[in-house]
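Proteins get letters first, then strands, A, B, ... in listed order; numbering begins at 1 in each. Below, all heavy atoms of this structure are taken into account, side chains as well, without hydrogens, waters or symmetry copies.
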Amino acid sequence: MTTATKRARPIPAIESSDEDDELPLINRRVSKKPRVSLSSASASNSTSAQTKSRLKQRSSSDRVLADARRQRRQNGTTTVVRPNPAAAKGRRAKKEEAKLEPIPVEEKKPKREGQSSSSDQGKDNGGYRWWDEGEGERNSGIKWTTLLHNAVIFPPEYEPHGIPLLYNGKAVELSAESEEIATFYAAKLATDYVQKPTFQRNFFDDFRHSLRSTSAHRIIKKLELCDFSRIHAHLEKKKQEKKDIPAAEKKKLREEEAVRCKKYTVALVDGREEKVGNFRVEPPGLFLGRGEHPKMGKVKSRIYPEDITINVGHDAEIPPCPLEGHKWGKIIHKRDVTWLCFWKDTITGGSKYVWLAAGSAFKGMSDHAKFEKARRLSQYIEQIRRDYRQGWKAKGKEPKQRATAMYLIDKLALRVGNEKGEDEADTVGCCSLRVEHIKFVPPRTIELDFLGKDSIRYFNSVQVEKEVYENLKLFCRNKKPGEDIFHRLTVTGLNDYLKSLMDGLSAKVFRTYNASVTLDNLISNTPARSDLLEKIVFYNQQNKEVAILCNHQRALPKAHGSQMEKMDKKVVDTQQWLTELKRGRNKINKSKGSIDSVDLIQWMPEKPVFTEDMDDKERAAERKRAAAAPRVKTARVKKLPQIETAIKSVSERLAKLKADMQVKEDMKTVALGTSKINYLDPRITVAWCKKREVPIERIFAKTLLVKFAWAMETSEDFRF
DNA sequence: AACAAGACTTGGAAAAATTTTC
DNA sequence: GAAAATTTTTCCAAGTCTTGTT
């Protein structure tokens, strides 16, 4: 309802450019998915300062590399072999494969597994520092020379439980296959999927199909008459039993499972050990798409070895098939790809791949290349922006639409928006925007409202350049709501054009570029005298700005409301006590020395009362009762010095409480993770951490430290 | 050139692990 | 010392973009 647009910006710390629109419009209001009925109109208008762009004074990547090399190599890998990059490639593969016996992968010696365990702590790639080597052949089409792995592990076969499905109140005998499907449904009973007609219909079609040659087929005709509650109860019971296993035993079970999986967790790539990412075949179940997916509820069937294609080295041993009586579908030796296995998804027909983990050299190199490409865009961006501004006035429809779309992609960080099929959720991106997704608010504000990736709502009311406004209006003229705004523009056409502006450029690079450049600019303004915690909060706030730019949202946490209430109560209590303390101070001060202490009243939450015979549930209930009970009056006698100290500490506590509450409210529907993992060049963060003396572990969790190992030696003056 | 298949990145939710609070 | 809250990891769906195929 309100209009979030550009707002006044602070005086930039560094020289500003004359162009007022260098940065993307990050001050968007956050809106939520039109999730069920949860009213959400109150989406908060988060605002924050935005800096003007600054002149780039980048350190060349060469310098960073040199810098990195100078650093002490603290990595615990064996000898510090610094291979000559040119010679290394070909030789390394063979030599090391001979040396490094493929213990975890080789079937013949399963007893000696523990052997390599010390090398796989933390790192996903056995300490291979690819970033210390030259660019060399990194980008060539061939991805590996030798490849050895154990393929995948399968979920356990279905074990029938014999708990009946009731139909019209009577138990129905089901085949194991049908029972499994019924059980998939029972497992979802507590979700709102089961309320959705599409989900019900798809499930029931598949369920009925599974019954076709059994007697139950004549009985079970309507979903409404199926009662899954007994199966549901059975599942709940199992869940509880699992939960109730003593901690020690749980730990043991976990360890046993780890031993069983061990050999699947690593692959040997050119003789180097690398962690495998997703070595588990997805278990069967009901397909849960996002948003209004037409296929939700369909049975995603079990994948068998026959469905799987294995990609291994020519001379490598073919991984043994873990399922008795089965064999792999296909064995291939495709060296221009990085996947180890793949199969066809039974629902979408798309391919599912087994990849190496995020910390592997394959993934790291392409991540690095992605950010380098985005950095390269900063050398072209001014030119490109001039170009599309020019394009707004183009005579031809396609160039005009293209230039207008480029503005949206650049300024609003929209995704490009490929075509989607009838059998997918109806979501859009820039090129697939339809007339129904835009509203025009004179003089030049557009309101975009559509479902984007994952059916997350994009809602943004933003002032745009006059030409853009007029163009968009023009493109919508005489079109029905369901028609494409950019009807002459295709994604391929757009990307082909981008290639002509910069080698390797495509629409998604703008998102990476804008996210990273925004963070870089924002955190360069870190308040000088902040303590560690303040710096971290500050960083997270800037991270939040990026998340808002990219429209990274999450569902409102279930307990948000109650947690806020709880905090609010605390604020009220603390406030009351502070007021009382101040009253006491006044009284003493006014008395001019005639009294030196006062009676003060503090209202405290009631303390819960536990008795020996209470179980966990009763204790929890008692705790709740006490928290909700009226506050208890407590009398305290205080002298002036005591009061002064208390006022100070209580004020601080109150301020912190209020600040925490604000942060919680501001963050309730933003997801920081996605940008941190995918969009923000880790070198920006590493450099900032070094400069501001923030331990990197406070920003990157363990997996991110591994994923971004290549960025850890970035010098503190790195700029994106 | 249009379309489909293939390969890889990006995405939020749920589960699991860890930390904080009481 | 357990429950609650928060953070991290896992899961798998859903995008982007390139590469075949017709």
Exercise. Do any side-chain nitrogens or oxygens of A:Thr703 fall under 4.0 Å of OP1 or OP2 in C:dT9?
Worked result: yes
Exercise. Phosphate oxygens OP1/OP2 of B:dG11: is one of them under 4.0 Å from a side-chain N or O of A:Arg415?
Worked result: yes
Quick test: give all pairs of protein nitrogen or oxygen and nucleotides 2-9 of chain B nitrogen or oxygen below 3.5 Å, distance rounded to 0.1 Å.
{"unit_1": "B:dG6", "atom_1": "OP2", "unit_2": "A:Lys344", "atom_2": "NZ", "d": "2.9"}
{"unit_1": "B:dA7", "atom_1": "OP1", "unit_2": "A:Trp339", "atom_2": "NE1", "d": "3.4"}
{"unit_1": "B:dA7", "atom_1": "OP2", "unit_2": "A:Trp339", "atom_2": "NE1", "d": "3.4"}
{"unit_1": "B:dA7", "atom_1": "OP2", "unit_2": "A:Tyr353", "atom_2": "OH", "d": "2.7"}
{"unit_1": "B:dA7", "atom_1": "O5'", "unit_2": "A:Tyr353", "atom_2": "OH", "d": "3.4"}
{"unit_1": "B:dC8", "atom_1": "OP1", "unit_2": "A:Lys143", "atom_2": "NZ", "d": "3.4"}
{"unit_1": "B:dC8", "atom_1": "OP2", "unit_2": "A:Thr338", "atom_2": "N", "d": "3.1"}
{"unit_1": "B:dC8", "atom_1": "OP2", "unit_2": "A:Thr338", "atom_2": "OG1", "d": "3.3"}
{"unit_1": "B:dT9", "atom_1": "OP1", "unit_2": "A:Ser366", "atom_2": "OG", "d": "2.6"}
{"unit_1": "B:dT9", "atom_1": "OP2", "unit_2": "A:Lys363", "atom_2": "NZ", "d": "2.7"}
{"unit_1": "B:dT9", "atom_1": "O3'", "unit_2": "A:Lys508", "atom_2": "NZ", "d": "3.4"}

For this session: Quick one: label A:Lys243 by what it contacts on the DNA or RNA (base, sugar-phosphate, nothing), any heavy atom closer than 4.0 Å.
Result: nothing
Exercise. Where the side chain of A:Lys499 is defined as all heavy atoms beyond and including C-beta, which of C:dT18, B:dA17, C:dA13 is the nearest nucleotide?
Worked result: C:dT18
For this session: For A:Phe700, enumerate each residue passing the ring-ring contact (aromatic ring centres under 6.0 Å, His included) test, keeping only those at least two apart in sequence or located in another chain.
Result: A:Phe708
For this session: Kindly say if A:Asn418 contacts the phosphate of C:dT16, meaning a side-chain N or O under 4.0 Å from OP1 or OP2.
Result: yes
For this session: Just call it for A:Lys300: base, sugar-phosphate, or nothing, with non-hydrogen atoms closer than 4.0 Å on any strand.
Result: sugar-phosphate
Exercise. Does a nitrogen or oxygen in the side chain of A:His293 sit under 4.0 Å from OP1 or OP2 of C:dA13?
Worked result: no
Exercise. Atom CD of A:Glu424 to atom C1' of C:dT16: distance rounded to whole Å?
Worked result: 13 Å
For this session: Name the nucleic acid region contacted by A:Lys566, choosing base, sugar-phosphate or nothing; use a 4.0 angstrom heavy-atom cut-off, strictly under.
Result: sugar-phosphate
Exercise. side-chain contact (heavy atoms from CB on, under 4.5 Å) with A:Lys499: which residues, sequence neighbours excluded?
Worked result: A:Ser506
Problem set entry | Identified ring pair (Phe, Tyr, Trp, His ring centres under 6.0 Å) partner of A:Tyr193 from the options A:Phe287, A:Phe199, A:Phe184 | A:Phe199
Exercise. With sequence neighbours excluded, what pairs up with A:Phe371 under the ring-ring contact (aromatic ring centres under 6.0 Å, His included) test?
Worked result: none
Exercise. Does any N or O in the side chain of A:Glu274 come within less than 3.5 Å of the main-chain N or O of A:Val269, such that one atom is a donor and the other an acceptor?
Worked result: no
Exercise. Does A:Gln563 place a side-chain N or O at less than 4.0 Å from the phosphate oxygens OP1/OP2 of C:dA5?
Worked result: yes
For this session: List in chain and number order the residues that pass ring-ring contact (aromatic ring centres under 6.0 Å, His included) with A:Phe510, two or more places apart in sequence or in another chain; answer none if no residue qualifies.
Result: none
Problem set entry | Any pair counted as salt bridge (charged side-chain N to carboxylate O under 4.0 Å, His left out), so long as it reaches residues 421-434 of chain A, sequence neighbours left out | A:Lys295-A:Asp423, A:Asp426-A:Arg434, A:Arg434-A:Glu436
Exercise. Within the structure shown, what part of the strands sits under 4.0 Å from A:Gly429 by heavy-atom distance: base, sugar-phosphate, or nothing?
Worked result: nothing
Problem set entry | Proximity to the side chain of A:Arg554 - top-ranked nucleotide from B:dA13, C:dA14, B:dG12 | B:dA13
Problem set entry | Whole angstrom value for the distance that separates P of C:dT8 from CZ of A:Arg698 | 10 Å
For this session: Using a cut-off of strictly less than 4.0 Å, decide whether A:Thr427 has a side-chain nitrogen or oxygen near OP1 or OP2 of C:dG15.
Result: yes
